[in-house]
Protein chains: 2
Amino acid sequence: MLSIIAVMVENRAGVLSRVSNLFARRGFNISSLAVGETQNPEISRITLSLDVSAEELAQMVKQLYKLPDVLIVRNLTHERYCAREFVFFKVSCVASQRGEVINLINIFRGHIVDVSADSLTFEVSGAEEKIAALQQLLNEYGILELVRTGQIAIERGSSSFSAPLKEDSHTEEVSE
Amino acid sequence: MLSIIAVMVENRAGVLSRVSNLFARRGFNISSLAVGETQNPEISRITLSLDVSAEELAQMVKQLYKLPDVLIVRNLTHERYCAREFVFFKVSCVASQRGEVINLINIFRGHIVDVSADSLTFEVSGAEEKIAALQQLLNEYGILELVRTGQIAIERGSSSFSAPLKEDSHTEEVSE
């Protein structure tokens with residue numbers, strides 16, 4: 001089952017290494033990982049997509065909470081959430097093909113960031129399926145380079161990331 | 001000096017853990033990290049922003065090439081490149097404030113992905129400075145949640161990621 005989990009961690013050197021070691025040791029297949037600071041620069045958020053059973057995920061969450069840097073783990077898979085990844089495509093494209101490629105970029109709401117005599121580079125965001133569909137269409141022209149951020153996800157509605165996933169978590173959020 | 005480097009690695013379990021361990025062991029401060037598959041699903045690209053001296057960076061590149069999974073390391077800092085990060089903002093916003101917030105979102109070319117009675121959630125991409133400027137403006141309303149992907153970067157022009165950073169690299173790219 002493909003799950004998306006968000007892990008709030010203290011923004012310290014080595015925290016990503018400790019979290020990724022945990023997954024590596026168990027041989028878990030992380031399909032995507034993104035990490036960045038939150039609105040509080042002392043806290044980072046790691047978004048992980050991974051294909052594991054419900055039991056494995058529950059086990060993983062327990063292990064994550066044992067790491068001293070981990071504050072909150074949430075499984076977004078069962079929430080109403082919005083997930084996107086962000087991608088740069090550099091496509092082989094001579095002048096006579098530009099019209100066709102630009103049409104594709106517009107359909108997918110991308111933005112061109114660079115053009116040369118024989119290439120077009122653009123940015124686009126979307127759900128993984130959308131990016132996959134676009135990639136397939138661009139294969140016809142030749143993809144010179146593809147750079148992706150990994151998926152990030154946010155819950156819909158006004159709730160913010162405060163309630164821990166596990167009731168037995170050692171973390172308590174105090175609302176102001 | 002803030003440097004952006006791109007590391008092409010074999011897409012194997014544990015590779016991110018090995019790369020991040022390298023930085024953690026030396027206590028290097030990675031400000032941002034993004035990882036995703038490239039056009040070749042067997043190869044992933046890790047984009048790192050880090051604040052190190054030129055000597056430290058050269059040392060780091062040497063260490064990276066010693067990892068069996070690392071194929072190519074490129075320092076994009078001295079290239080003509082385009083860097084972006086992708087962000088979800090969830091902002092506290094009641095109906096009477098919506099017009100103001102939507103104006104801001106439009107100025108920064110964001111896209112709304114969710115709305116509730118007292119919040120607005122939107123996506124936006126841009127250079128780090130742009131995201132920082134927007135964050136400052138949104139602080140006035142109250143940022144409920146901020147999720148970022150970490151920076152990705154791509155070289156301008158039609159060249160693709162093939163030449164290694166170091167002449168003494170053990171990797172040779174064979175063009176077809």
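The sequence lines fix the lettering, A, B, ..., with proteins before strands; numbering per chain opens at 1.
- Of all residues in residues 97-117 of chain A, those placing a non-hydrogen atom less than 4.5 angstrom from a non-hydrogen atom of chain B are V113(A), D114(A), S116(A).
- Of the charged side-chain nitrogens involved, at least one lies within less than 4.0 Å of a carboxylate oxygen, so that E155(A) and R74(A) count as a salt-bridged pair.
- Under the ring pair (Phe, Tyr, Trp, His ring centres under 6.0 Å) criterion, the residue pairs touching residues 118-158 of chain A are F89(A)-F122(A), with sequence neighbours excluded.
- Interface remark: Q151(A) contributes no atoms to any contact with chain B (heavy atom separation under 4.5 Å).
- Interface remark: of the candidates T38(A), I143(A), I154(A), I154(A) forms the most heavy-atom pairs closer than 4.5 Å to chain B.
- Q135(A) touches chain B through its side chain: at least one heavy atom from C-beta onward sits under 4.5 Å away, while N, CA, C and O do not.
- S32(A) does not touch chain B: none of its heavy atoms, backbone or side chain, sits under 4.5 Å away.
- Looking at E56(B), its side chain does come within 3.5 Å of a backbone N or O of S53(B) through a donor-acceptor pair.
- Ranked by heavy-atom pairs under 4.5 Å with chain B, the list S125(A), S92(A), A13(A) is led by S125(A).
- The list of salt bridge (Lys or Arg N to Asp or Glu O under 4.0 Å) pairs with a residue in residues 82-97 of chain A, not counting sequence neighbours, reads R84(A)-E123(B), E85(A)-R148(A), K90(A)-E145(A).
- Heavy-atom pairs under 4.5 Å with chain B peak, among V15(A), T47(A), V87(A), L16(A), at L16(A).
- For the pair S158(B) (side chain) and D118(A) (backbone), a donor-acceptor distance under 3.5 Å is absent.
- The residues E79(A) and R156(A) are annotated as not salt-bridged, no charged nitrogen and carboxylate oxygen being separated by less than 4.0 angstrom.
- Looking at S44(A), neither its backbone nor its side chain comes within 4.5 Å of chain B, counting heavy atoms on both sides.
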Q: For T77(A) and N75(A), run side-chain hydrogen bond (donor to acceptor under 3.5 Å, both in side chains): C-alpha distance rounded to whole Å, both residues' side-chain angles, the deciding distance at 0.1 Å, then the answer.
A: CA-CA 6 Å; T77(A) 322; N75(A) 183 354; 2.5 Å; yes
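- Here S20(B) pairs with S20(A) under the side-chain hydrogen bond (donor to acceptor under 3.5 Å, both in side chains) rule; sequence neighbours left out.
- In this structure a side-chain-to-backbone donor-acceptor pair under 3.5 Å is present from N11(B) to P41(B).
- Ranked by heavy-atom pairs under 4.5 Å with chain B, the first of G14(A), G36(A), G27(A) is G36(A).
- At distances below 3.5 Å, not a single donor-acceptor pair connects side-chain atoms of Y65(A) with backbone N or O atoms of M60(A).
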